[in-house]
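Everything below concerns the one structure shown next.
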Amino acid sequence: MIGGGQRQCRSSTASGGLILRRLQGYAKQIASNFSKIPGIVDVDTSLEMGKPELKVYIDRDKAADLGVDVATIAGAINLLISGRPK
């Protein structure tokens, strides 16, 4: 099993970027091509337009050295992304 993660499948690829519409087109084309290969079934993509995902990894040691707690960082990120304080 390659990849898999939360989706129980034999193969998975993680992609990201700022050009989601282009990525969506590529994903559809790749899924279409894979589905034509004998023996490959249930080809799917997890790309959901309108629901972009951002993963942030906080260096807790550096934050602690600067006297900033994780909740403050999370609040700042939320404000920057959504434009609304939590």
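Residue indices begin at 1 and follow the sequence shown. Predicted, not measured: the structure shown is a model, and the values here were computed from it.
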Which atom names give the shortest non-hydrogen contact between Ile58 and Ala63, and what distance separates them? CG2-CB, 4.5 Å

Heavy-atom nearest pair, Thr45 first then Ala27, reads OG1-CB, 3.9 Å

Rounding to 0.5 Å, atoms CD1 (Ile73) and CZ (Arg60) come to a distance of 8.5 Å

How about CG on Asp42, more than 12 heavy atoms from neighbouring residues, nucleotides or ligands closer than 6.0 Å, or not? no

Could you state whether Ile77 and Val70 fall into the same hydrophobic cluster, counting links through intermediate Ile, Leu, Val, Met, Phe, Trp or Tyr residues with side-chain heavy atoms under 4.5 angstrom apart? yes

Decide whether Ile37 and Val43 are clustered together by the hydrophobic rule: side chain heavy atoms of Ile, Leu, Val, Met, Phe, Trp, Tyr closer than 4.5 Å, transitively. yes

OG1 (Thr72) and CG (Leu66) are apart, to the nearest 0.5 Å, by 12.0 Å

